[in-house]
Amino acid sequence: MSSQPATAALVRLRSSDKDMVLEPVSTDVENAAHRQEPDQEISAPAQVPLPAYLQQVYWWAYLHPAAVRVFERQWLVNLILWGNFAQLRDVALDEMGATIDGNILQVACVYGDFTERLAQRLKPTARLDVVDVAPVQLENLKAKLDGGASRIALHHQDSSNLHFADASYDCVVLFFLLHEQPEEVRAQTVAQALRVVKPGGKVIFVDYHRPQLSNPFRYVMVPILTTLEPFAMDLWRKEIAEWIPEERARTATVKKETFFGGLYQKVVVTL
C-alpha cells in the first residue's frame, strides 16, 4: 500500500473567520493524538496515493466529484442500511460511553452524522482524530463539522499504514470500512488499528455479517453485495477475529453482537 512520511504539514482552521482561513503549522503526525490545540486541524501529508482497489471499485461512491453530493444524505445512508443506520451508529458510540474521554481514532470518514454524534459525546479533555485516504471525504467531513469541533483533527492517511505511534489511542472505531477492502488490505488495517490502541483499550468494528438462514435479506443482499461491494462477502465467510494478528489474538478479548437478523455485526476487541 501507500508509503507516507512521518511528518506532515498541518493546516489550522480558523473557524471564527467568516471565510475559513487555512494556516500552515509544522508538526509531527505521530504525535497528533497527544496535541491539545484550540482550533480544528487537518493534516496534509505530501503524498498519499489512492489505492488501486478504491479507484477501480468505489470511484462512484467515494471519489467522483458527484459522489458526495449524492450520498451525503442522512435518509439515503439509512436506506442503504435498511433503516438501521441510527441503531448501528449508536451501538458503536454506546460502546465508547455516554460521554467519551481520552484519545479516540476514527478510521475512515462516514456519510451521515456518525462523526458529529461522536463529537457531541466528547468530554472537554477528549480528542478525536479521523483518517481517510480520500481527500474529497476529508473535505466533506470538514464541511459537515463547519469548524465547530475544536478537538477534532482530520488526517490524510491510509488505514493500512497509519503514521501514529504505538499505543496512542484509548479507543479506535471502524464503521463500515472493512467490507470495502480486499482481504490483504483488511488484514493490514486491522493490524494497524490494534497497534495504535493502548493496552486495555478497545477497537470497535461495525460492519456486514452473514445473515441467518431465516432472514429474507440474506437473499436480497447477495446480488447487491457481489455487484456493488465485491469484498463484502469476505465478512460472510470469515469472522473479523480471524484477521487479528496472532501475537495480538493471544491476549485480546473479542466480543461480537449481531443485528437485523445477523446482517450486521459489532465486534469489540479489547487488548
Side-chain angles (χ1 to χ4, degrees), residues 51 53-54 56-62 70-71 73-96 106-114 117 159-160 171-191 193-194 202-246 248-271:
Y53 75 86
L54 189 63
Q56 294 166 4
V57 178
Y58 286 107
W59 60 270
W60 57 273
Y62 300 113
V70 171
F71 288 101
R73 305 167 193 269
Q74 191 72 29
W75 67 266
L76 181 55
V77 176
N78 192 48
L79 179 63
I80 290 170
L81 294 179
W82 303 110
N84 289 276
F85 176 85
Q87 181 189 16
L88 295 169
R89 175 200 65 207
D90 290 345
V91 297
L93 299 183
D94 289 346
E95 189 66 42
M96 290 183 263
Q106 177 187 323
V107 183
C109 298
V110 177
Y111 286 133
D113 63 359
F114 183 89
R117 291 297 186 96
S159 66
S160 67
C171 185
V172 180
V173 59
L174 299 90
F175 191 83
F176 282 92
L177 172 64
L178 295 186
H179 76 277
E180 298 172 349
Q181 299 181 319
E183 188 166 10
E184 65 276 11
V185 178
R186 184 183 306 119
Q188 294 168 6
T189 293
V190 172
L194 292 167
K202 295 178 179 179
V203 180
I204 302 167
F205 303 94
V206 176
D207 222 304
Y208 286 108
H209 181 268
R210 187 184 188 92
Q212 301 166 2
L213 288 171
S214 58
N215 187 344
F217 284 91
R218 176 189 180 102
Y219 310 99
V220 172
M221 290 301 294
V222 169
I224 293 175
L225 293 180
T226 53
T227 302
L228 299 177
E229 309 263 21
F231 310 120
M233 296 303 292
D234 289 346
L235 296 174
W236 287 33
R237 291 185 284 266
K238 295 179 66 172
E239 298 286 346
I240 288 176
E242 296 183 56
W243 288 295
I244 298 176
E246 183 178 350
R248 298 283 186 180
R250 287 195 292 266
T251 58
T253 300
V254 180
K255 180 179 67 175
K256 184 178 82 170
E257 187 177 0
T258 61
F259 306 88
F260 200 59
L263 181 58
Y264 307 112
Q265 63 180 319
K266 179 187 73 173
V267 173
V268 181
V269 181
T270 305
L271 297 184

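Heads up: numbering here begins at 1 and tracks the sequence. Small disclaimer: the values here were computed from a predicted structure and weren't measured.
Atom-to-atom distance recorded for H209:NE2 and F259:CZ is 11.0 Å, nearest 0.5 angstrom. The CZ atom of F260 sits 8.0 Å away from the CH2 atom of W82 when rounded to the nearest 0.5 Å. The structure places NZ of K255 at 9.0 Å from CD1 of I204, a figure rounded to the nearest 0.5 Å. A distance of 10.5 Å separates CG in L235 from CD in E180, rounded to the nearest 0.5 Å. Remark: D234 CG to I240 CD1 distance equals 11.5 Å, nearest 0.5 Å. Distance check: E257 CD to E95 CD gives 8.5 Å after rounding to the nearest 0.5 Å.
Between Y111 and F71, the two ring planes are parallel [angle under 30°; tilted spans 30° to 60°].
No donor-acceptor pair under 3.5 Å is formed between the side chain of D90 and the backbone N or O of Q87. Checked by atom type and distance alone, the side chain of R186 pairs as donor or acceptor with a backbone atom of F231 at under 3.5 Å. Under a 3.5 Å cut-off, the side chain of T226 and the backbone N or O of P223 do form a donor-acceptor pair.
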Please report the C-alpha distance between Y208 and M233 in whole Å, then the side-chain angles of each, then the deciding distance to 0.1 Å, and finally whether the side chain to side chain contact (heavy atoms under 4.5 Å, CB included) criterion is met.
-> CA-CA 9 Å; Y208 286 108; M233 296 303 292; over 6 Å; no

Take K256 and E239, measure what side chain to side chain contact (heavy atoms under 4.5 Å, CB included) needs, and give me the verdict at the end.
-> CA-CA 10 Å; K256 184 178 82 170; E239 298 286 346; 3.0 Å; yes

Candidate pair L225 and W236, rule side chain to side chain contact (heavy atoms under 4.5 Å, CB included), full reasoning = CA-CA 11 Å; L225 293 180; W236 287 33; 3.8 Å; yes

Would you check, one step at a time, whether the test side chain to side chain contact (heavy atoms under 4.5 Å, CB included) holds for V173 with F114?
-> CA-CA 11 Å; V173 59; F114 183 89; 3.9 Å; yes

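Remark: the E229 side chain and the Y58 side chain contain an N/O donor-acceptor pair separated by less than 3.5 Å. In this structure, a donor-acceptor pair under 3.5 Å is absent between the side chains of S159 and Q188.
The nearest pair of heavy atoms linking Q106 to V110 is NE2-CG2, 3.7 Å. Across every non-hydrogen atom of L81 and Y264, the tightest pair is O-OH, 3.1 Å. In this structure, L194 and P245 approach most closely via the heavy-atom pair CD1-CD, 3.8 Å. Nearest heavy-atom pair across L177 and A108 is CD1-CB, 3.9 Å. F217 and N215 get closest at one heavy-atom pair: N-OD1, 2.9 Å.
Between V107 and F175 the shortest side-chain heavy-atom distance does not fall below 4.5 Å. Residues L174 and V206 fail the side-chain proximity criterion, which asks for heavy atoms closer than 4.5 Å. The closest side-chain heavy-atom distance from Y219 to L213 is below 4.5 Å. With a 4.5 Å cut-off on side-chain heavy atoms, V222 and V220 do not count as touching.
In summary, D207 and K266 do not engage in a salt bridge, as defined by a charged side-chain N under 4.0 Å from a carboxylate O. Under a 4.0 Å N-O distance rule, the pair R117/D113 qualifies as a salt bridge.
Applying the 6.0 Å contact sphere to CH2 of W59 captures no more than 12 heavy atoms from other residues, nucleotides or ligands.
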